[in-house]
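Proteins come first, then strands; the chains are lettered A, B, ... in the order of their sequence lines, and each starts at number 1.
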There are 2 protein chains.
Amino acid sequence: MSDNFEKLISPLEKEIDDLLPSISVDCVILGYKNQQLKVLLLQWKHSGKWALPGGFVRRNENLDDAAQRVLEQRTGLSKIFLKQFHTFGSLERSTIKQIDAGYKALIDFHKQNKKVYEWINNRFISTGYFALADIRKTHPIPDAFSQKCEWKPITAMPDLILDHNTITEKALDYLGVQLNYLPIGLSLLPQKFTMQDLQKLYEAILGRSLDRSNFQRKMLKLGMLVRKEKLMTGAANKAPYLYSFNRAVYKKLLQEGIGFSY
Amino acid sequence: MSDNFEKLISPLEKEIDDLLPSISVDCVILGYKNQQLKVLLLQWKHSGKWALPGGFVRRNENLDDAAQRVLEQRTGLSKIFLKQFHTFGSLERSTIKQIDAGYKALIDFHKQNKKVYEWINNRFISTGYFALADIRKTHPIPDAFSQKCEWKPITAMPDLILDHNTITEKALDYLGVQLNYLPIGLSLLPQKFTMQDLQKLYEAILGRSLDRSNFQRKMLKLGMLVRKEKLMTGAANKAPYLYSFNRAVYKKLLQEGIGFSY
DNA sequence: TTGGTATTGTGTATTATTGACACATTAATT
DNA sequence: AATTAATGTGTCAATAATACACAATACCAA
């Protein structure tokens, strides 16, 4: 187990010289399934603590590309919505490393490897990235430090290492504030979806229920939805239509911000 | 001149060991005077190029505090609105150093001082901070690298070093988007101001003229303005009232966002 | 064929907001 | 008393938000 772990972190040791010091990225990757908003989390090997997917920035790599790389490595997805939302630079986030059970275990574990030990013991300023992913398309993959990579509903978040709970909250605030400027539906729903799917998604984000009739009327009026065939479920009732987005119209609307009260 | 400059930058040489590598902050400090929005800029000594006030982060200092420190050192003001708005991390912003006339002069100038030369030649990721200041209360002070520190109207911005023009534009975008959540009036206007002052400020930010009557009706209805005595100018007409903000009400309104269309 | 059911489309009354103006009133100076 | 800028109020039309009601549709099963 210990040996196994040593082998796994060796890539980091080799990589360190190629990394920018003091800087890291953390990703809050949001998905939507079973009418719930979810975040992609990693469970660390030695402590069992949960953490946001994150990583370091290479000397020859754009900050945005570092986040993109982390995202791809964890989800297998490359073309999803990704945007920086805040940079976390308080001193506490590094001093807390000594107290945080999850992080402490990691540090203790590396006392024998001076290079890695010094690296992870340093102070990092971390830029938080916000991503929207279609859960059905993802294949969560743990990183070298983790034993699990899973989607967790935001209504039942575990305790995360360091300030990762704070980072997550800030990302969700961002979602609320930027609602009319983010490709919510396009990113979180499958290619084809029902009007009810869309409404439930907005209800989950807004945290309140919406009038079915008015919601549909307004959504259709925006002109960004394309009606497809019906979804035959086998239920004894009229089958709902499936919709997909007209990307061109959607993106144009987002640029101005969908002035909309739902 | 050369000697003089050497002396001036020596503090940086001593400070370098106490600084976090790879990270810097840049401040877009906005003010309002003569019905114009203005930005505080520095003019560098050896090239005459203009730049945003910026600085580095001490190992034992919060990122926010570093920005606060830069702000205080340039304006003499400590209690003004300051908020991070974006982190600039593209590779280009450092590779362009070789081409940028302003920066190149600075680099060349330090070829003999290895420590400083290597430091400024490094790649930095910079967090942009957005500040709102009352111009009347500021006393602009150049830093060790600069010969001037002045307010320049945003309608006539000079060419800035590196990506500082981009940073400024992004800050102004931020201003527009966050308008209803920022203490515009409280920060940019003097303690007492007329309704017309307030309207002109909003017109400058929004870039369009507003209906006088509707603007006043809405503003007063928000209940955040306190009417004071009149402003006697000596002109042959009715004197305008002076107003000040009820800070408690104003801040409460900002939390929700002033739902307002001006 | 018919009944039960969820989906979908449409109407509509109420209330609130916005934008553009008109116009009357007030007050400071000359 | 005349001039001027500031202030206060009214109003009309257009648009949007909110809350419902109800009719029409179409799927399956019995």
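Between A:Asp211 atom CG and D:dA17 atom P the separation is 13 Å, expressed in whole Å. Straight-line distance from the NZ atom of A:Lys218 to the P atom of C:dT10: 18 Å, rounded to whole Å. Atom CZ in A:Phe215 sits about 18 Å away from atom P in C:dT10, given to the nearest Å. We find that CZ of A:Arg208 is positioned 11 Å from C1' of D:dA17, with the value rounded to whole Å. Going from atom CG of A:Leu225 over to atom P of C:dT8 covers 12 Å, rounded to whole Å. As a whole-Å value, the separation of A:Leu242 CG from C:dT7 C1' is 13 Å. Distance B:Tyr243 OH to D:dA6 P: 12 Å, rounded to the nearest Å. Rounded to whole Å, the distance from CE on A:Met219 to P on D:dA17 is 12 Å.
The stretch residues 153-167 of chain A participates, sequence neighbours left out, in these salt bridge (Lys or Arg N to Asp or Glu O under 4.0 Å) pairs: A:Arg93-A:Asp163. For residues 70-90 of chain B, the side-chain hydrogen bond (donor to acceptor under 3.5 Å, both in side chains) pairs, not counting sequence neighbours, are A:Gln84-B:His86, A:His86-B:Gln84, A:Thr87-B:Thr87, B:Lys83-B:Tyr174, B:Thr87-B:Thr127. Note on residues 232-248 of chain B: pairs passing side-chain hydrogen bond (donor to acceptor under 3.5 Å, both in side chains), not counting sequence neighbours, are B:Arg227-B:Tyr243.
The stretch residues 193-201 of chain B does not touch DNA chain C, since none of its heavy atoms comes less than 4.0 Å from the strand.
Ring orientation note: the planes of A:Phe81 and A:Phe130 are nearly perpendicular, at an angle over 60° on the 30°/60° scale.
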Pairwise N/O distances under 3.5 Å, protein to nucleotides 26-30 of chain D:
| unit_1 | atom_1 | unit_2 | atom_2 | d |
| --- | --- | --- | --- | --- |
| D:dA26 | N3 | A:Lys238 | N | 3.2 |
| D:dC27 | OP1 | A:Lys230 | NZ | 3.0 |
| D:dC27 | O4' | A:Asn237 | O | 3.0 |
| D:dC27 | O2 | A:Ala236 | O | 3.1 |
| D:dC27 | O2 | A:Asn237 | N | 2.8 |

Where do N or O atoms of nucleotides 11-13 of chain C meet protein N or O atoms at under 3.5 Å, pair by pair?
| unit_1 | atom_1 | unit_2 | atom_2 | d |
| --- | --- | --- | --- | --- |
| C:dG11 | N7 | A:Arg217 | NH1 | 3.3 |
| C:dG11 | O6 | A:Arg217 | NH2 | 2.9 |

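Interface remark: the B:Arg212 side chain does form a donor-acceptor pair with the D:dT7 base, using a distance-only criterion of under 3.5 Å.
Take A:Tyr129 and apply the side-chain hydrogen bond (donor to acceptor under 3.5 Å, both in side chains) test, not counting sequence neighbours, and it matches A:Asp64. In this structure, the side-chain hydrogen bond (donor to acceptor under 3.5 Å, both in side chains) partners of B:Trp151, at least two apart in sequence or on a different chain, are B:Thr138. For A:Gln199, the side-chain hydrogen bond (donor to acceptor under 3.5 Å, both in side chains) partners at least two apart in sequence or on another chain are A:Glu203. Not counting sequence neighbours, A:Gln255 has no partner by the side-chain hydrogen bond (donor to acceptor under 3.5 Å, both in side chains) test. B:Asp173 pairs by the side-chain contact (heavy atoms from CB on, under 4.5 Å) definition with nothing, not counting sequence neighbours.
For the residue pair B:Asn165 / B:Thr168, no side-chain donor-acceptor distance below 3.5 Å is found, with atom types taken as modelled.
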Can you list, pair by pair, the side-chain donor-acceptor contacts under 3.5 Å of residues 31-41 of chain B, counting residues two or more places apart and other chains?
| unit_1 | atom_1 | unit_2 | atom_2 | d |
| --- | --- | --- | --- | --- |
| B:Tyr32 | OH | B:Lys200 | O | 3.4 |
| B:Tyr32 | OH | B:Leu201 | N | 3.1 |

